[in-house]
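Everything below concerns the one structure shown next.
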Amino acid sequence: MNKPVVVSEETLTEPVAVAGLASAVPKPSAGPAYVVLAGISFSHFLNDTMQSLIASVYPILKDTYALDFTQIGMITLAFQFTASLLQPVVGHYTDKRAQPYSLAIGMASTFFGLLLLSAAHRYLVILVAAALVGLGSAVFHPESARIARLASGGRYGFAQSVFQLGGSFGTSMGPVLAALIVVPFGQGSIAWFSSIAFLAILILWRIGRWYAPQITTKKVAPVHTQPGGPSSRRVAVALLVLVALLFSKQLYVSSLSSYYIFYLIDRFGVSTQAAQIYLFIFLAANAVGAFFGGPLGDRFGRKIVIWISIVGALPFTLALPHAGLAGSAVLSVIIGLIISSTTSSIIVFAQELVPHRFGMISGVFFGVAFGIGGLGAAVLGRLADHTSIEFVYQVCAYLPAIGLLAVFLPKLPQHAR
């Protein structure tokens, strides 16, 4: 990671060399492999639908087991910490030795986690179940991001957005499914969603069969510095800035995902089911924004999209704590559309800075996103216990201001953006 890298046209179109002898080699193509992109995006949809159920059933768990906000935050931390801790490890390992069927195997962890969560009657068991679902996420994201890039046909931002679109819509579906199924039928109905995990296992196994022939034995060529490329220090600073930007984005989204339901119930007196619909509206807007962010980055440059998507959300996040119910719904849509469009650009920007460590970088950034969300949820829950949910949203409103750090990002070659 400490070697300066110039991302040239050849770098982006040639096979990505990975550490060791095993390398995931994309076959030349005239354009994206749409069937594979659709399959990996749909798998992402199923994966994140199941994961989002955890946050969506918080009101049920809180009432059933008399949990406080700190304990709610710890559930999120247990789920997201396993994903955060293991994703970079998985990415580093698959850089050396690609594992085409690891996605299906990892999904089995989510399958068992859901079954355990549906039957859990103790707080500790709930934490273990959440951690198992997080483990499935840790295995899924780094290698599936690599597959999306292999199927991109050179349109990396577009492919990453298609991949993110599935996950974002999956996240948005959790509250709806919780309102329609889990709330009426109780905690045990979570077991029904294990059938979704089984479907995902079948799809991912088929994608693994497509992925396996792409893997060839190839000796790694050394990475050379080219004139005009960012120095190792600039690369390191840029990666730290991208992590900070992801921090501001993900922590804000985590605050809404974990506590927006409680905020609406506490301030406006809406029902749990109505609050879950409002959360779905916000998360659906996130999905739409995530899809358009990648192609816009391909067209206009990722740095511009990063600037607009994070700093541009600031006026609306500042207004949200002072809006009424209808105004909150409208503002949440605008915030979701703007702030989520940065995810694909941040991840592809980081991948282009260090293309010879693609799996590890993908794992680090997906892991950081999950980890920041989990740690932030725990801290915000503690803060809410000592103050109020409204105060938490007043504090979080300033998070997008961290986006000003984008001024320190280097300029990549135009074809790399």
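Being a predicted model, the structure only gives us computed values, none of them experimental. Start at 1 with the first residue, then count along the sequence.
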List, one per line, each side-chain donor-acceptor pair under 3.5 Å for residues 335-342, sequence neighbours excluded.
{"unit_1": "Ser340", "atom_1": "OG", "unit_2": "Asn286", "atom_2": "O", "d": "2.7"}
{"unit_1": "Ser340", "atom_1": "OG", "unit_2": "Ala290", "atom_2": "N", "d": "3.3"}
{"unit_1": "Ser340", "atom_1": "OG", "unit_2": "Gly336", "atom_2": "O", "d": "2.6"}
{"unit_1": "Ser341", "atom_1": "OG", "unit_2": "Ile338", "atom_2": "O", "d": "2.7"}
{"unit_1": "Thr342", "atom_1": "OG1", "unit_2": "Ser309", "atom_2": "OG", "d": "3.2"}

Where do [X] and [Y] come nearest, in terms of heavy atoms and distance?
X      : Y      : answer
Val235 : Val354 : CG1-CG2, 4.0 Å
Phe282 : Ser332 : CD1-O, 3.2 Å
Val333 : Ala285 : O-CB, 3.5 Å
Leu353 : Pro410 : CD2-CG, 4.2 Å
Ala397 : Leu314 : O-CD1, 3.5 Å
Ser41  : Val162 : OG-O, 2.7 Å

In Å, rounded to the nearest 0.5 Å, how long is the span from [atom1] of [X] to [atom2] of [Y]?
X      : Y      : atom1 : atom2 : result
Ile72  : Leu67  : CD1   : CG    : 5.0 Å
Leu399 : Leu251 : CG    : CG    : 5.0 Å
Ser328 : Leu320 : OG    : CG    : 5.0 Å
Asp68  : Asp385 : CG    : CG    : 5.0 Å
Ile126 : Phe79  : CD1   : CZ    : 15.0 Å
Thr317 : Ile334 : OG1   : CD1   : 11.5 Å

How about [X] and [Y]: do any of their side-chain heavy atoms sit closer than 4.5 Å?
X      : Y      : answer
Pro59  : Phe262 : yes
Asn47  : Met107 : yes
Tyr211 : Glu143 : yes
Phe163 : Leu37  : no
Arg146 : His141 : no
Ile75  : Tyr123 : yes
Ile203 : Leu46  : yes
Leu204 : Ile40  : yes

Given 3.5 Å as the limit, does a donor-acceptor pair link the side chain of [X] with the main chain of [Y], or not?
X      : Y      : answer
Thr49  : Met173 : no
Ser152 : Ala159 : no
Thr82  : Ala131 : yes
Ser109 : Leu135 : no

Practice item. Report the C-alpha distance between Gln273 and Ile277 in whole Å, list the side-chain angles of each, state the deciding distance to 0.1 Å, and finish with yes or no for side-chain contact (heavy atoms from CB on, under 4.5 Å). Key: CA-CA 6 Å; Gln273 288 179 306; Ile277 298 301; 5.8 Å; no
**Study point:** By side chain to side chain contact (heavy atoms under 4.5 Å, CB included) - contacts of Ala406 (at least two apart)
**Key:** Leu245, Ile306, Trp307, Leu409
Exercise for review: Go through the steps to decide whether Phe69 and Leu380 satisfy the test side-chain contact (heavy atoms from CB on, under 4.5 Å), and finish with yes or no.
Suggested key: CA-CA 9 Å; Phe69 286 120; Leu380 293 175; over 6 Å; no
Check your understanding: Under 6.0 Å between the ring centres of Tyr259 and Tyr58?
Key -> no
Review point. Do Tyr278 and Tyr260 have their ring centres less than 6.0 Å from each other?
Key: no
Review point. Using the ring of each side chain (for Trp, its six-membered ring), is His44 parallel, tilted or perpendicular to Phe140, with breaks at 30° and 60°?
Key: tilted
Review point. Should we say atom CZ of Phe408 is surrounded by more than 12 heavy atoms from elsewhere, each under 6.0 Å from it?
Key: no
Exercise for review: Apply the test side-chain contact (heavy atoms from CB on, under 4.5 Å) to residues Leu279 and Leu264: give CA-CA distance (whole Å), side-chain angles for both, the deciding distance (0.1 Å), then the verdict.
Suggested key: CA-CA 9 Å; Leu279 177 59; Leu264 295 174; over 6 Å; no
Practice item. Please list, chain by chain and in numerical order, all residues satisfying side-chain hydrogen bond (donor to acceptor under 3.5 Å, both in side chains) with Thr110, sequence neighbours excluded. Key: none
Revision key, fill the gap. Across all chains, not counting sequence neighbours, the side-chain hydrogen bond (donor to acceptor under 3.5 Å, both in side chains) partners of Gln71 are none
For a quick test of your reading: what N or O donor-acceptor pairs under 3.5 Å do the side chains of residues 175-193 make, sequence neighbours left out?
{"unit_1": "Gln187", "atom_1": "OE1", "unit_2": "Tyr65", "atom_2": "OH", "d": "2.8"}
{"unit_1": "Gln187", "atom_1": "NE2", "unit_2": "Leu117", "atom_2": "O", "d": "2.8"}
{"unit_1": "Gln187", "atom_1": "NE2", "unit_2": "Ala120", "atom_2": "O", "d": "2.7"}
{"unit_1": "Ser189", "atom_1": "OG", "unit_2": "Gly186", "atom_2": "O", "d": "2.6"}

Check your understanding: Can you list the steps and then say if Met50 with Val133 is a side-chain contact (heavy atoms from CB on, under 4.5 Å)?
Key -> CA-CA 8 Å; Met50 293 177 289; Val133 178; 5.7 Å; no
Study note, to complete from the structure: Those residues at least two apart in sequence (or on a different chain) that pass ring-ring contact (aromatic ring centres under 6.0 Å, His included) with Tyr101 are Trp205
